[in-house]
Amino acid sequence: DTAKKLLPEELFFNTNIEDRSKLINWETEEGKPFPVEKIPVKRAFNGETTHNVVLAGTFHDHKLWISVNAAPILAPDGRMMGVVASFLDITESKNAEIALRLSEEQLRVTLSSIGDAVITVDTSGNVAFLNPVAVSLIRWELEEAIGQPVGKVFRIINEITQKPAEDIVKRVLLEGRVVGLSNHTALVTKDGRHIPIEDSAAPIKDMNGNVSGVVLVFHDVTEKRSVQEALLESEKRFRNLVKYAPTAIFEIDFKTRKFISVNDAICKLSGYSREELLSFDTMELLVEESKELFLSRINQIMKGEKPEENVEYRIKTKDNHIIDAVFNMKFTFNEKGTPVVATVVGHDITQRKQAEKELREAGEALKVSERRFRTLAENIPDMIVRFDKDLRFLYGNEAVMKRTGLPIQFLIGKTSKEYGTESESSRNWEKAAREVFKTGNVMRIEYSNRWQGTSVIYDSLIIPEKDIDGNVNSIISIA
């Protein structure tokens, strides 16, 4: 009855084996047509006993796997009486085996395709699989690595001490949990190179939760390490740059208004130590009018407005001196758009402000002096004339206009040749004037000139006008 349930009934009532074999397309385990002459029952009729021969067949679109045992039935005198055969349905286990094989193949393809190096290890601690990345890193060929103790293929040491690292495979097999590598771990390749790596080892568990192996996943961190070291070095240089910069640099917590970080320059500027400043509310450093300005700027920022970045404040130092400073503020905002940190770069402009004040006062004094000079120049009988380096007329007093009969505006910008008074005597004066430009010394010379038909002899004092560097830019002639 079991056989009838398993196989088509026609198989048991058709005496022709070839005809019976056509009822089901029998195949080998590899999927090839099963030769009729090798079918166990056929072989049994030929006097051969077979055991556990696996056949695959399709009957009514149903895939069937069976394991067949067959043997001849012989009479005492050796005559063939018939054949006895047993059939075991192994379809379920075979399908499970195929599914497992397919799953393993998919896993192999997946592990071979990922960018990290992968090594799988069996419960004996021997290598079972390596993906191409692992082969490339450890410098072992796949064929020679399979079956080797993992400690021989996957050699790891501590970069600093150069001593063997912990056997994480053994630990995973004992504890049945994921284990990560410690810091500063290096892989020793087959050719002796040391490669810094990061990795972890995880247990492979079967359906019952039992550990059936270990999978190692690791990757080369040489480039990552170089980037990290470069970043750390860059950060170190930046911090030193900020710390020792001659410009005041600090950060403020926008909510508490307290200093977060300060450099040496702001400590020197304010007279407070780093520890003192870090305990301060920034408002404590400002004079009253600067406090109001600071608070108004905070209100602007909270409203979403953009106030001026460079603002002048007045700071009260630890020894009660008042310092003028200009601060440039940049803000860091959170994901809600709220300012959280202000980064500030400040410059002491006290001396500049004092210089500006002195310059304004000097300017006022100069205006007064200029007015006095003009009053004096316009009211003396001597001619006073200013010339540039090309001896062009720049200024003349009232006496010049009276003496020459020419308006001052006509003379401005012209040389003696251009306004028609050049002579041998005037050329001697010009020679003396150029000598004053060259030496910076006062000279006195007599010369004659002809104005309005009359020849006049002048006594001329030529005085250099110097800038703050001592260069002569113009001269004044008093004649």
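Everything numeric in this text was worked out from a predicted model, so none of it was measured.
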Task: SB check Arg314 Asp324 (cutoff 4.0 Å) - done: yes

Task: Donor-acceptor side-chain pairing of Gln148 and Glu144 below 3.5 angstrom - done: no

- [ ] Verify the distance criterion only: is there a donor paired with an acceptor across the side chains of Thr317 and Ser270 at less than 3.5 Å?
- [x] no

Open item on the list: So, taking the atom named NZ in Lys190 and the one named CZ in Arg139, what distance separates them when rounded to the nearest 0.5 Å?
Closed with: 11.5 Å

Task: Asp348 side chain reached by Ile315 side chain, heavy atoms, under 4.5 Å - done: no

- [ ] Might you confirm whether atom CZ of Arg155 has over 12 heavy atoms from other residues, nucleotides or ligands at distances under 6.0 Å?
- [x] no

- [ ] Look at Glu435 together with Lys438 and state whether they make a salt bridge at an N to O cut-off of under 4.0 Å.
- [x] no

TODO: Start with the C-alpha gap between Asn126 and Val121, add the side-chain angles, then the distance that decides, and say whether side-chain contact (heavy atoms from CB on, under 4.5 Å) holds.
DONE: CA-CA 5 Å; Asn126 297 323; Val121 182; 5.6 Å; no

- [ ] Look at atom CG of Leu231 and say whether more than 12 heavy atoms of other residues, nucleotides or ligands are closer to it than 6.0 Å.
- [x] yes

Open item on the list: What's the separation between atom CG in Leu411 and atom CG in Leu406, rounded to the nearest 0.5 Å?
Closed with: 5.0 Å

Let me check something: any side-chain donor-acceptor pairs from residues 326-338 under 3.5 Å, sequence neighbours excluded? List them with distances.
residue : atom : partner : partner atom : Å
Asn328  : ND2  : Asn310  : OD1          : 2.9
Lys330  : NZ   : Glu309  : OE1          : 2.9
Lys330  : NZ   : Glu309  : OE2          : 2.9
Asn334  : OD1  : Lys336  : N            : 3.0
Asn334  : OD1  : Gly337  : N            : 3.1
Asn334  : OD1  : Thr338  : N            : 2.9

Open item on the list: Counting C-beta onward and ignoring hydrogens, is there a side-chain heavy-atom pair between Asn473 and Lys389 closer than 4.5 Å?
Closed with: yes

- [ ] For Phe387, enumerate each residue passing the ring pair (Phe, Tyr, Trp, His ring centres under 6.0 Å) test, keeping only those at least two apart in sequence or located in another chain.
- [x] Trp429

Open item on the list: Between Glu166 and Arg171 (salt bridge meaning N to carboxylate O under 4.0 Å), is one present in this structure?
Closed with: yes

Task: Check: Val341 and Ile260 side chains under 4.5 Å, non-hydrogen atoms - done: yes

TODO: Keeping the roles fixed (side chain from Ser136, backbone from Pro132), state whether a donor-acceptor pair exists under 3.5 Å.
DONE: no

Open item on the list: Assess whether a salt bridge exists between Glu312 and Arg352, defined as any Lys/Arg side-chain N lying under 4.0 Å from an Asp/Glu carboxylate O.
Closed with: yes

- [ ] For Glu305, look at atom CD and say whether over 12 heavy atoms of other residues, nucleotides or ligands are found less than 6.0 Å away.
- [x] yes

Open item on the list: In the structure I gave you, are the side-chain heavy atoms of Phe259 and Leu285 within less than 4.5 Å of one another anywhere?
Closed with: yes

Task: Carboxylate-amine/guanidinium contact Glu175 Arg177, below 4.0 Å - done: yes

Open item on the list: Within the supplied structure, the quantity of interest is the number of heavy atoms (other residues, nucleotides, ligands) at a distance under 6.0 Å from Glu92 CD; does it exceed 12?
Closed with: no

Task: Side chains of Val169 and Val172 in contact at under 4.5 Å (non-hydrogen atoms) - done: no

Open item on the list: Between the side chains of Arg225 and Glu159, is the shortest nitrogen-to-carboxylate-oxygen separation below 4.0 Å, so that they form an ion pair?
Closed with: yes

Task: Check ion pair Arg193-Asp191 (N to O, under 4.0 angstrom) - done: yes

Open item on the list: Is there a side-chain contact (heavy atoms from CB on, under 4.5 Å) between Ile412 and Ile408? Walk through the geometry before answering.
Closed with: CA-CA 6 Å; Ile412 288 176; Ile408 297 300; 4.1 Å; yes

TODO: Evaluate the side-chain proximity of Tyr458 to Glu446: yes if any heavy-atom separation is below 4.5 Å, no if none is.
DONE: no

Donor-acceptor pairs under 3.5 angstrom involving side-chain atoms of residues 216-224: please list them, not counting sequence neighbours.
residue : atom : partner : partner atom : Å
His219  : NE2  : Glu198  : OE1          : 3.4
Asp220  : OD1  : Thr222  : N            : 2.8
Asp220  : OD1  : Thr222  : OG1          : 2.6
Lys224  : NZ   : Glu198  : OE1          : 3.2
Lys224  : NZ   : Glu198  : OE2          : 3.2

- [ ] Give a yes or no on whether Gln351 atom CD has more than 12 heavy-atom contacts from other residues, nucleotides or ligands under 6.0 Å away.
- [x] no

Open item on the list: Rounded at 0.5 Å granularity, tell me how far CE in Met443 sits from CZ in Phe437.
Closed with: 13.0 Å

Task: Value rounded to 0.5 Å, distance of CG in Leu142 from CZ in Phe129 - done: 7.5 Å

- [ ] Spell out, as yes or no, whether a donor-acceptor pair under 3.5 Å connects the side chain of Asp122 to the backbone of Ser124.
- [x] yes

Open item on the list: Tell me whether Glu276 is salt-bridged to Lys318, with the criterion being a basic N under 4.0 Å from an acidic carboxylate O.
Closed with: yes

TODO: Show your reasoning for whether side-chain contact (heavy atoms from CB on, under 4.5 Å) applies to Ile249 and Val344.
DONE: CA-CA 6 Å; Ile249 302 173; Val344 185; over 6 Å; no

- [ ] Look up atom CE in Met383 and atom OG in Ser460, then write down how far apart they are to the nearest 0.5 Å.
- [x] 8.0 Å

Open item on the list: With side-chain contact (heavy atoms from CB on, under 4.5 Å) as the criterion, how do Thr189 and Ile138 come out once you've worked through the C-alpha distance, each side chain's angles and the decisive distance to 0.1 Å?
Closed with: CA-CA 5 Å; Thr189 65; Ile138 65 175; 5.7 Å; no

Open item on the list: Within the supplied structure, the quantity of interest is the number of heavy atoms (other residues, nucleotides, ligands) at a distance under 6.0 Å from Lys414 NZ; does it exceed 12?
Closed with: yes

Open item on the list: So does Leu391 get a backbone contact from the side chain of Arg434, meaning a donor-acceptor N/O pair under 3.5 Å?
Closed with: no

Open item on the list: Nearest 0.5 Å, please: how far is CD1 in Ile462 from CD1 in Ile476?
Closed with: 12.0 Å

Open item on the list: Under 4.0 Å between a side-chain nitrogen and a carboxylate oxygen: does that hold for Asp281 and Arg257?
Closed with: yes

Task: Side chain proximity check, Lys316 to His321, heavy atoms < 4.5 angstrom - done: no

Open item on the list: Any heavy-atom pair between the side chains of Val385 and Tyr395 that's under 4.5 Å?
Closed with: no

